[in-house]
J.: 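One structure follows; several queries about it will come next.
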Amino acid sequence: MWTLERPTDGDLGGQAISPTETLYEYDGPMIFRTKLGLVDLLCNKVSVREGRHLYLACSTNDRTVDALKNGRLSVFGAFDAAAYWILSLDESLAVLGYWNCEREEVPTRFFAKPGLGLYHWQGKVPDSLEQASAMLAIKFKGPQLTHEGMPFGKFKDLMDQSFDAVRKLLTPVALLNRRTSTFDFEIAPPKFASLVIAVKEPVFNMALIRRTKELKKYTRDELEKAVEHLGQEFAERIIELRSLADEDKIDGKYAEENFSFLDILSEILPQLDGDIDSVEFTAFGKDGVETALFDQKVSSEIKQKLAIAQANTVVERGVIVGITSRSTTLLVQSVRGKIVTCKFEREYFNNLLQNDEFKIPRPVRLRGAMFKRPRRDYMDVESVEFINPERVRD
């Protein structure tokens with residue numbers, strides 16, 4: 001660990017540092033950009049010791065600084081690097097000495113608190129460029145997830161959870177239950193020090209899509225816009241959920257109407273007393289990047305509300321994949337990834353048979369009592385609403 005008593009690695013001949021751009025100042029420059037030789041540096045004042053002004057510095061670039069200024073990257077994220085310099089400057093910013101440091105040598109207190117933007121009014125912002133530029137990013141934090149690495153099994157578990165959640169949240173209704181060879185996502189390289197899974201963009205195999213009768217009418221542009229819409233919708237819903245949780249306003253009605261959404265989230269939110277401390281979601285909404293963090297306590301409360309809702313009437317969404325007149329049941333491929341056996345009263349079912357919209361593969365919303373089961377969920381249906389099949393998304 002670095003200490004002030006450690007011998008310096010040089011003093012650059014007492015060269016004075018001249019900020020090329022001051023990003024934050026308080027009684028002098030606090031966070032600024034400068035150049036030392038060919039190196040583009042971002043500097044943050046972290047302490048004053050024995051008349052020395054100490055700055056943490058790391059290499060930077062236009063993309064990082066622009067994201068920092070525009071509230072798309074936190075100060076913590078802007079100083080996320082493998083190597084650092086600790087600069088000792090006098091009041092005129094002349095170099096008294098410097099130290100080369102690896103990340104693990106830098107005192108933790110020299111780093112800003114994660115999630116804080118350059119200005120207080122920016123609110124909570126992403127801690128990495130991967131999150132800032134992703135369609136959807138999921139960040140896990142826990143004691144096993146470090147810069148140096150993590151258990152292989154834990155990495156696989158979190159990747160599997162992320163894959164399932166992204167597929168369920170961002171798959172257009174028209175593409176439900178399609179294989180990854182037909183519809184997939186490109187992700188950025190996973191980022192350690194926590195674990196960040198950042199979805200960059202959807203990937204469509206249009207050759208396979210055009211071979212499927214009910215899909216051949218859709219263009220790549222329509223499918224891309226459908227996924228984009230789902231990403232924006234997720235951003236809005238996740239911020240709404242976090243706000244309701246803060247105000248203790250997640251009531252039974254909300255949980256019932258948003259059963260599918262909450263059920264998907266419940267599988268990736270941290271367990272109480274588990275080894276994941278928090279899960280943070282970042283997505284592009286209509287007003288820009290939105291970020292919401294769920295710790296163990298809030299996640300537990302959400303899961304309790306969901307469990308209560310499941311004992312009552314809930315709303316399910318999906319696509320009809322089977323109709324059995326004899327048993328008055330449907331098989332529905334849920335947006336949650338499950339097949340649901342949906343049971344109707346005989347009279348209601350007979351009326352549905354007279355409806356031209358009642359067919360495979362029709363998107364539907366169903367309201368009724370849900371019973372979750374290991375293989376197939378079961379629902380006693382009270383009512384069903386047909387969704388326009390010409391819409392790619394729900």
J.: Verify the neighbour count for atom NZ of Lys372: are there more than 12 heavy atoms of other residues, nucleotides or ligands below 6.0 Å?
T.: yes

J.: Test Trp85 against Tyr55 for ring-ring contact (aromatic ring centres under 6.0 Å, His included), laying out the working first.
T.: CA-CA 8 Å; Trp85 295 269; Tyr55 286 81; over 10 Å; no

J.: I'd like to check Phe32 versus Leu42 (side-chain heavy atoms, cut-off strictly below 4.5 Å). Are they in contact?
T.: no

J.: Quick one, Glu316 with Arg365, criterion salt bridge (charged side-chain N to carboxylate O under 4.0 Å, His left out). Give me CA distance, side-chain angles, the key distance, then yes/no.
T.: CA-CA 6 Å; Glu316 176 66 290; Arg365 289 191 187 91; over 6 Å; no

J.: Assigning hydrophobic clusters by single linkage (Ile, Leu, Val, Met, Phe, Trp, Tyr; side-chain heavy-atom cutoff under 4.5 Å), is Ile239 placed with Val279?
T.: yes

J.: Under a 4.5 Å cut-off applied to non-hydrogen side-chain atoms, are Leu23 and Lys69 in contact?
T.: yes

J.: Taking Asn70 for its side chain and Arg72 for its backbone only, find out whether a donor-acceptor pair lies under 3.5 Å.
T.: no

J.: List the atom pairs, with distances to 0.1 Å, where a side-chain N or O of residues 191-201 and a protein N or O form a donor-acceptor pair under 3.5 Å, not counting sequence neighbours.
T.:
unit_1: Lys191; atom_1: NZ; unit_2: Asp80; atom_2: OD2; d: 2.9
unit_1: Lys200; atom_1: NZ; unit_2: Glu186; atom_2: OE2; d: 3.3

J.: For Glu347, is the CD atom crowded, meaning more than 12 foreign heavy atoms sit under 6.0 Å from it?
T.: no

J.: Quick check against the 3.5 Å criterion: does Glu222 have a side-chain atom that pairs as donor or acceptor with the backbone of Thr219?
T.: yes

J.: Quick check for you: to the nearest 0.5 Å, what is the distance between Leu73 atom CG and Gln122 atom CD?
T.: 10.0 Å

J.: Could you walk me through whether Arg179 and Asp184 pass the salt bridge (charged side-chain N to carboxylate O under 4.0 Å, His left out) test, one step at a time?
T.: CA-CA 8 Å; Arg179 297 178 182 274; Asp184 204 355; over 6 Å; no

J.: Below 4.5 Å, heavy atoms only, C-beta onward: do Leu331 and Ile320 meet side chain to side chain?
T.: no

J.: I'd like to know if the side chain of Thr64 pairs up with that of Asn61 as donor and acceptor (distance under 3.5 Å, no hydrogens or angles considered).
T.: yes

J.: Assess whether a salt bridge exists between Lys305 and Glu301, defined as any Lys/Arg side-chain N lying under 4.0 Å from an Asp/Glu carboxylate O.
T.: no

J.: Using the rule given for ring-ring contact (aromatic ring centres under 6.0 Å, His included), can you reason through Phe234 versus Phe284, listing the C-alpha separation, both sets of side-chain angles and the distance that settles it, and then say yes or no?
T.: CA-CA 9 Å; Phe234 173 75; Phe284 266 103; over 10 Å; no

J.: Flag the pair Glu385 and Arg367 as a salt bridge only when some basic side-chain nitrogen lies within less than 4.0 angstrom of an acidic carboxylate oxygen.
T.: no

J.: Do any N or O atoms from the side chain of Lys343 and from the backbone of Ser327 form a donor-acceptor pair under 3.5 angstrom?
T.: yes

J.: Under 3.5 Å, side chain of Trp99 to main-chain N/O of Arg6, donor-acceptor pair present?
T.: yes

J.: Checking Asp27 now: which residues fulfil salt bridge (charged side-chain N to carboxylate O under 4.0 Å, His left out) with it, not counting sequence neighbours?
T.: none

J.: When you measure from the side chain of Tyr348 to the backbone N and O of Val384, does any donor-acceptor pair fall under 3.5 Å?
T.: yes

J.: With a cut-off of under 6.0 Å to the ring centre and 45° to the axis, is Arg103 in cation-pi contact with Tyr84?
T.: no

J.: How about Glu21: does its CD atom have over 12 heavy atoms from other parts shown lying under 6.0 Å from it?
T.: yes

J.: Are Lys168 and Glu267 close enough for a salt bridge, meaning some N to O gap below 4.0 Å?
T.: yes

J.: Give the minimum heavy-atom separation between Leu169 and Leu230, together with the two atoms involved.
T.: O-CB, 3.8 Å

J.: Are Glu50 and Arg52 within salt-bridge range, i.e. N to O under 4.0 Å?
T.: no

J.: What I want to find out is whether Glu280 reaches Lys141 closely enough, with some N-O distance under 4.0 Å, to be called a salt bridge.
T.: no

J.: Just wondering, do Phe261 and Leu241 contact through their side chains at under 4.5 Å, heavy atoms?
T.: yes

J.: Identify the heavy atoms of Ala188 and Glu130 that sit nearest to each other, and give their distance.
T.: CB-CG, 4.1 Å

J.: Checking side-chain polar atoms at under 3.5 Å, does Gln131 have a donor or acceptor matched by the opposite partner on Ser128?
T.: yes

J.: Any chain of hydrophobic side-chain contacts (each under 4.5 Å) joining Leu129 to Leu116?
T.: no

J.: Would you call Asp377 and Arg336 a salt bridge, taking side-chain N to carboxylate O under 4.0 Å as the test?
T.: yes

J.: If you count every heavy atom of other residues, nucleotides or ligands that lies below 6.0 Å from Tyr24 atom OH, does the total exceed 12?
T.: no

J.: Can you measure from CD (Glu25) to CD1 (Ile31) and round to the nearest 0.5 angstrom?
T.: 11.5 Å

J.: State whether the side chain of Asp127 and the backbone N or O of Gly115 hold a donor-acceptor pair below 3.5 Å, judged by distance alone.
T.: yes

J.: Which atoms form the tightest heavy-atom contact between Ile17 and Leu36, and what is the distance?
T.: CG1-CD2, 4.1 Å

J.: Sequence neighbours left out, cut at 3.5 Å: what donor-acceptor pairs do the side chains of residues 206-216 make with other protein atoms?
T.:
unit_1: Thr212; atom_1: OG1; unit_2: Leu208; atom_2: O; d: 3.4
unit_1: Glu214; atom_1: OE2; unit_2: Arg178; atom_2: NH2; d: 2.9

J.: Treating Thr328 as the side-chain partner and Phe344 as the backbone partner, does any N or O pair qualify as donor plus acceptor under 3.5 Å?
T.: yes

J.: Would you please test Ser243 and Glu240 for side chain to side chain donor-acceptor pair (under 3.5 Å) and show each step?
T.: CA-CA 5 Å; Ser243 177; Glu240 178 189 34; over 6 Å; no

J.: For the residue pair Leu176 and Gly318, what are the closest heavy atoms and their distance?
T.: CD1-CA, 4.3 Å

J.: When rounded to the nearest 0.5 angstrom, what distance separates CD1 in Ile323 from SG in Cys342?
T.: 11.0 Å

J.: Shared ILVMFWY cluster between Val227 and Leu223, side chains joined below 4.5 angstrom?
T.: yes

J.: If only atom types and distance count, is the side chain of Asp90 paired as donor or acceptor with the main-chain N or O of Leu93 below 3.5 Å?
T.: yes

J.: Please check if Leu54 and Val75 belong to a single hydrophobic cluster, counting links between Ile, Leu, Val, Met, Phe, Trp and Tyr side chain heavy atoms closer than 4.5 Å.
T.: yes

J.: So how far is it from Phe111 CZ to Phe79 CZ, rounded to the nearest 0.5 Å?
T.: 9.5 Å

J.: Under 4.5 Å between side-chain heavy atoms, counting indirect links through other Ile/Leu/Val/Met/Phe/Trp/Tyr residues: same cluster for Ile187 and Phe183 or not?
T.: yes

J.: Kindly compute the distance separating CZ (Arg242) from CD1 (Ile238), expressed to the nearest 0.5 Å.
T.: 10.0 Å

J.: Are Phe185 and Phe204 an aromatic pair, judged by ring center distance below 6.0 Å?
T.: no

J.: Does CD belonging to Glu91 count more than 12 external heavy atoms closer than 6.0 Å?
T.: no

J.: Could you check whether any side-chain heavy atom of Tyr98 comes within less than 4.5 Å of a side-chain heavy atom of Ile86, counting everything from C-beta outward?
T.: no

J.: Is the number of heavy atoms from other residues, nucleotides or ligands within 6.0 Å of CZ (Arg375) greater than 12?
T.: no

J.: Compare every heavy atom of Pro270 with every heavy atom of Ser278, then report the nearest pair and how far apart it is.
T.: CA-CG, 4.0 Å

J.: Nearest 0.5 angstrom please: Thr108 OG1 to Met1 CE, how far?
T.: 5.5 Å

J.: Distance-only, no hydrogens or angles: does the Arg33 side chain make a donor-acceptor pair with backbone N or O of Cys43 under 3.5 Å?
T.: no

J.: Are the side chain of Thr34 and the backbone N or O of Ser18 linked by a donor-acceptor pair below 3.5 Å?
T.: yes

J.: I'd like to check Phe140 versus Asp275 (side-chain heavy atoms, cut-off strictly below 4.5 Å). Are they in contact?
T.: no

